[in-house]
**Q** 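Pasting a structure here, questions to come.
Heavy-atom basis, side chains included; hydrogens, waters and symmetry copies ignored. In what follows, every chain begins at residue 1, and chains take the letters A, B, ... in the order their sequences are listed.
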Amino acid sequence: MYAIESTGKLSELVEIMKEASLNAFRMGQKSISKNDVAAALEKLRMTFDRTLTEAHKKKLLEINKCKEAREEGPDSVLTRELLFSLTAVEYEDEEGRWCEIDPLLRPLVEKWSQSP
Amino acid sequence: MVRDRSLVASSGGEMESISLEDLDEIDLLLTELDISQGRGNLVLCIVASPAYRKKVIEAVKTRFPCRVKAVEKGDELISELRSVKPNAEEILIWTLPETLSTDILDALNNFRELFYDTGVPSLVFLTPAELDDVIWKAPDFWRYRGGYHILKGEDYGQAYQAAEALSMPMSFSYQNKEELLSRKRINECLLEKIKNKHDNVRILIELATICSLLSEQHKAIEYNRQALAIAREVGDKNGEENALGNLGNSYQFLGDTRKAIEHYEQALAIAREIGDFRNGGIWLGNLGSAYAWTGEIARAIEYFEQALSIARSIDNRRAESANLGNLGLAYINLGDARKAIEFLDQALAIAREIGDRKSEGDRLGDLGIAYAYLGNTRKAVDYYEQQLRITQEIGDRRSEGTSQWNLSQALDQLGERVQAIECARASLRIREEIEDPRTEKTRRKLQEWGALPQKQ
């Protein structure tokens, strides 16, 4: 589940594990607890929530809805920024390609939708 | 390997200058540096003010041998990374210019492996605004990081005065809380009776302003959103501008600086379009406040100076005082308390001259901070007490909470713990009530003093 929540990309899962294990080590635990992982995910979620602009959020909502990520126009870098930062992710399976927001950000969708 | 003691505790007296709220995160940072000693690692530390960054660096230095590298350009960063030959136990500390140019961002992004190649941990300091830039413009560097540690920063509790420059639809000043509450009732009543949409925008904005002054930010946001929708519907540019700017203020109070900046920028664009100098100056000042919170102090100072110059040109004394006060706070954040006091004294004089009690209280509080920074704690207490009296008279709950908090910190430094606890408790009551983002910090201090039960 955590592997999926951290985009499904292995390097991102490792990042989360690093963060969680550091926390567990500091607290003198012998193993990583679910709380450590949840805290690492929440910290990253909050960091993205703070740094995403309204335009980014709008675009992410759009991607979440139509599973596609296209730029608004030739000068727009919005979608590229989202894909490079992995706040939006492109997936592929035998049925083809589709885009989705980083699963980490799903709990924020409702909050963003209500934003003015 | 299980750690049995806190690295913070073993780092000695330097930790006293670190904000209480940051101690856990600093301990985590030191732990990370400790376990990666002698190996390449890329640790990010996010702090807003250069003065606070200096304190964090001092704290790291008491624990590890460090080499501090201040780089200004991308190629300089690359050549330093290639040529530096640190000893195995050393930590490399990197500081970057306040605004990250494209060449630095490209260097970070494309040469990120070099941080690991040095064979020792690198600690890179970024401001919150630089972190945004890194995430969007150097995404590979961001993903290549080890840990990242976001610090809350200095414990002043004082805000840059976005509130000071609240866009007030009428020439709005008030003497006490009762007057504010009575105006609130009148406006609520008017809102029910009046059907003209232009009037409704004006009433909603005044209601929002009052709620914001009473520290009821969620209500203020709701009123401003309603005002914004109606203003857009009827093409009332002035109303649209004020609602947007006031939304910015409320978001800033709730700690959502990015959202605040977006709303101020929209308000500023309309002010420029319709030639509204008075409010345009206010939004510039508030943008300065917001940027100061993200750690872009030099950019903030530029905005404050522009806003100050507009305030003087149109003889808006209240805004002049607010921007002088903000410049003062910015210089405190740069660690230049003497320059700060010069600005704050001018600001206070103007506030008294025009009888603006809120500004007077806020400036007194800022002066307290500046003197506390210079180590003159008794004088700081004196200023905080003057500020407290005014905030209570005019019902300014947010500043009252701040002033009680600052008093508690100063009194504790003077060894007067009992009084310090009393003030911190008063601050906590207010902050809980108004949902101040600093509530948790206040609670934790009281817990540390054993004056509040530990959280379960």
Side-chain angles (χ1 to χ4, degrees), chain A residues 6-7 9-31 36 39-40 42-60 76-89 102 104-105 108 111-112 114-116, chain B residues 1-8 24-25 27-36 41 43-44 46 109 128-140 142-150 221-222 224-226 228-229 232 243-244 247 251 255-259 261-263 265-266 294:
Chain A
S6 54
T7 70
K9 196 170 179 316
L10 188 61
S11 61
E12 293 303 295
L13 176 66
V14 172
E15 277 297 338
I16 294 298
M17 279 166 59
K18 267 200 294 195
E19 182 90 29
S21 59
L22 180 62
N23 222 356
F25 174 73
R26 173 173 169 260
M27 301 312 285
Q29 296 161 205
K30 288 190 176 137
S31 57
D36 296 320
E42 182 64 12
K43 181 178 167 189
L44 189 58
R45 186 181 293 126
M46 288 303 108
T47 303
F48 280 137
D49 191 27
R50 189 194 59 79
T51 191
L52 287 160
T53 61
E54 291 304 300
H56 283 131
K57 289 175 188 171
K58 203 173 140 210
K59 191 80 199 170
L60 284 172
S76 173
V77 291
L78 216 55
T79 304
R80 197 175 66 186
E81 285 182 346
L82 296 174
L83 287 167
F84 281 8
S85 65
L86 294 183
T87 43
V89 197
D102 182 348
L104 176 79
L105 303 177
L108 298 173
K111 185 181 115 182
W112 294 344
Q114 287 163 1
S115 214
Chain B
M1 183 166 63
V2 174
R3 291 184 57 225
D4 57 359
R5 71 194 172 107
S6 154
L7 284 162
V8 161
D24 277 344
E25 198 59 44
D27 193 46
L28 198 60
L29 166 71
L30 294 174
T31 304
E32 185 174 16
L33 293 174
D34 193 43
I35 55 179
S36 50
N41 193 4
V43 184
L44 307 182
I46 291 84
N109 208 39
E130 287 174 338
L131 177 66
D132 293 350
D133 273 348
V134 161
I135 290 177
W136 303 120
K137 294 171 190 157
D140 295 335
W142 160 246
R143 293 212 305 270
Y144 221 63
R145 70 188 185 273
Y148 66 109
H149 304 273
I150 301 175
I221 288 176
E222 191 45 47
N224 274 316
R225 278 186 194 164
Q226 290 179 35
L228 181 62
R232 281 179 173 160
L244 283 165
L247 277 168
Y251 287 121
D256 194 341
T257 307
R258 179 158 281 277
K259 217 165 187 169
I261 289 176
E262 286 173 10
H263 284 89
E265 275 172 352
Q266 290 180 53
T294 70

**Q** Do L60(A) and F48(A) make a side-chain contact, defined as non-hydrogen atoms from C-beta onward lying under 4.5 Å apart?
**A** no

**Q** Between R143(B) and chain A, which part of the residue has a heavy atom less than 4.5 Å away: side chain, backbone, both or neither?
**A** both

**Q** Relative to chain B, which segment of T53(A) carries a heavy atom at a distance below 4.5 Å: side chain, backbone, both, or neither?
**A** both

**Q** Which class fits the ring pair Y148(B) and W142(B): parallel under 30°, tilted 30 to 60°, perpendicular over 60°?
**A** perpendicular

**Q** For K43(A), is there an ion pair with E25(B) - N to carboxylate O distance below 4.0 angstrom?
**A** yes

**Q** Does K18(A) reach the main-chain N or O of R145(B) with its side chain, forming a donor-acceptor pair under 3.5 Å?
**A** yes

**Q** Which answer fits N23(A), side chain, backbone, both or neither, if we ask what part of it has an atom under 4.5 Å from a heavy atom of chain B?
**A** both

**Q** Report which part of E15(A) has an atom under 4.5 Å of a heavy atom belonging to chain B: side chain, backbone, both, or neither.
**A** side chain

